[in-house]
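Before I ask anything, let me first share the structure, which is written out below as structure tokens.
Sequence lines set the chain letters: A, B, ... in the order given, protein chains first and strands last, and positions in each chain run from 1.
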Number of protein chains: 2
Amino acid sequence: MQTCISLYGINKRDMFSKACEYGIRASIFIATNSSKGIRVGIKDVAKEIDSPEPFTAKIMQILTKNGIIHSAKGVGGGFEVSNEAVKTIKLIQIVDAIDGDKIYRGCGIGLKECSEAHPCPVHFEFKKIRGLLHEMLSKTTLEQLASGVKKGDFFLKTLNLE
Amino acid sequence: MQTCISLYGINKRDMFSKACEYGIRASIFIATNSSKGIRVGIKDVAKEIDSPEPFTAKIMQILTKNGIIHSAKGVGGGFEVSNEAVKTIKLIQIVDAIDGDKIYRGCGIGLKECSEAHPCPVHFEFKKIRGLLHEMLSKTTLEQLASGVKKGDFFLKTLNLE
DNA sequence: GCAATAAAAGACAAATTTATCTTTAATTAA
DNA sequence: TTAATTAAAGATAAATTTGTCTTTTATTGC
């Protein structure tokens with residue numbers, strides 16, 4: 001008979017949604033190719049970032065509508081990020097477009113109204129974390145991330161997929 | 001005709017799952033009462049933290065199984081946290097039991113393997129955020145949170161629930 | 001023991017997120 | 001102008017998370 005300690009995570013929750021994770025990885029991959037003047041198709045994207053193709057296509061549509069990436073139909077078409085855009089696009093724009101801003105603005109324990117005047121019990125500690133997250137997302141450009149991948153310092157998928 | 005900038009969040013995502021938010025709020029509420037020697041029933045809990053009663057009951061079961069709160073059936077029964085437990089139980093135990101540890105351990109953009117040796121593009125920046133989150137969750141005790149609520153410094157629900 | 005109380009457990013349903021498939025529209029090249 | 005290519009759009013399906021309801025089990029007071 002055991003006292004039953006720790007059943008571990010009924011939910012297996014990441015910081016960002018799957019859609020957002022794919023969106024970030026895809027944007028970076030597209031950016032690395034755009035700098036070489038190469039447009040990439042949805043097949044390449046899904047293959048390179050190890051994501052389900054049709055779902056990834058949907059996310060590409062959202063990113064395109066939000067002006068984060070550009071798409072071209074037809075022969076030789078595909079996705080790209082302009083040389084100017086890659087410098088100005090920030091990670092936060094991708095997150096906002098897919099997961100919204102609650103992760104770095106909302107209350108940690110879900111209160112609709114949570115402020116200095118009416119704080120939840122974790123408000124002041126969470127403020128620091130949200131602040132750091134917000135700062136990081138606002139500062140990081142697609143170019144920074146893409147250049148690291150191009151140099152081979154960073155990776156967009158695991159080598160041995162299980 | 002408009003260029004269509006920012007559709008905003010196809011997902012509306014919080015830092016923690018609803019289940020986890022309810023679990024934290026409920027635990028704090030129970031703790032504030034236990035310190036006064038009062039057991040609270042599921043009805044009181046749901047009412048006080050403004051959550052759906054049956055769903056909250058499920059979460060209470062998880063917290064009970066994980067030894068975070070204690071439950072007593074029958075007349076005069078309900079939920080409580082012992083005076084010793086309230087001092088030792090950390091926020092991280094509630095998060096682990098419900099959302100698991102990926103939020104403060106997993107890769108920010110969903111790589112199965114992401115480490116110093118094989119880092120994703122946001123690895124080093126995310127490490128700081130995850131670290132701060134982990135530190136905060138590990139340090140914060142139920143007692144700290146409950147005492148703030150008892151003193152009236154912190155709140156577990158909004159005043160005007162539209 | 002019996003009734004009342006209250007949580008546990010299990011089955012089920014709704015909503016959201018993730019994933020897939022098919023059809024349509026746009027573009028290019030011949 | 002036609003065929004090939006490629007993303008967009010729309011419909012649908014599966015999985016997960018959230019939420020509800022009913023039945024069972026344990027405890028208390030009488």
- line: To the nearest angstrom, the CD1-P distance between B:I10 and C:dT17 comes to 8 Å
- prompt: What about A:E53, does its side chain sit under 3.5 Å from the base of C:dA19 through a donor-acceptor pair?
  reply: no
task: Just call it for B:A72: base, sugar-phosphate, or nothing, with non-hydrogen atoms closer than 4.0 Å on any strand.
output: sugar-phosphate
statement: side chain to side chain contact (heavy atoms under 4.5 Å, CB included) test vs B:R13 passes for just one of A:D99, A:I98, A:D101, namely A:D99
field: For atom CG of A:D14 and atom P of C:dT17, their distance in whole Å
entry: 15 Å
message: Tell me the interatomic distance from B:F55, atom CZ, to C:dA13, atom P, rounded to whole angstroms.
response: 18 Å
Opening and closing nucleotides of DNA chain D in contact with chain A, under 4.0 Å to non-hydrogen atoms: D:dA4 to D:dT18
- prompt: For DNA chain D, whose closest nucleotide is more 5', that of B:F16 or that of A:M60?
  reply: A:M60
Least distance between heavy atoms, A:I129 atom then B:L133 atom: CD1-CA, 3.6 Å
- prompt: Contact class for A:P54 (heavy atom, under 4.0 Å): base, sugar-phosphate, or nothing?
  reply: base
- prompt: Can you check salt bridge (Lys or Arg N to Asp or Glu O under 4.0 Å) on A:E125 and A:K128, steps first, answer last?
  reply: CA-CA 6 Å; A:E125 286 302 312; A:K128 296 178 203 164; 3.1 Å; yes
statement: Atom CD1 of B:I59 and atom C1' of C:dA8 are separated, to the nearest Å, by 15 Å
- request: To the nearest Å, give me how far apart NZ (B:K65) and P (C:dG10) are.
  value: 8 Å
field: Cluster link B:L142 to B:I38, ILVMFWY, side chain under 4.5 Å
entry: yes
- prompt: Of A:G74 and A:T56, whose closest DNA chain C nucleotide lies nearer the 5' terminus?
  reply: A:T56
task: Look at B:T64 and C:dA7 and indicate whether a side-chain polar atom (N or O) is within less than 4.0 Å of OP1 or OP2.
output: no
field: Between C:dT18 (P) and A:E21 (CD): distance, integer Å
entry: 9 Å
field: Closest non-hydrogen atom pair, B:D14 against A:K102
entry: OD1-CE, 2.8 Å
- request: Measure from CZ on B:R39 to C1' on C:dA6 and round the result to the nearest Å.
  value: 11 Å
- request: Between A:K12 and A:G78, just flag the one whose closest nucleotide in DNA chain D comes earlier from the 5' side.
  value: A:G78
Side chain to side chain donor-acceptor pair (under 3.5 Å) assessment of A:Y104 paired with A:D96: CA-CA 10 Å; A:Y104 60 85; A:D96 278 354; 2.6 Å; yes
Nearest-angstrom distance from the residue atom CD1 of B:I30 to C1' of C:dA6: 14 Å
message: Counting only side-chain nitrogens and oxygens, does A:Y22 get under 4.0 Å of the OP1 or OP2 atom of C:dT18?
response: no
message: Parallel, tilted or perpendicular, judged at 30° and 60°: which one describes the rings of A:F155 and B:H118?
response: parallel
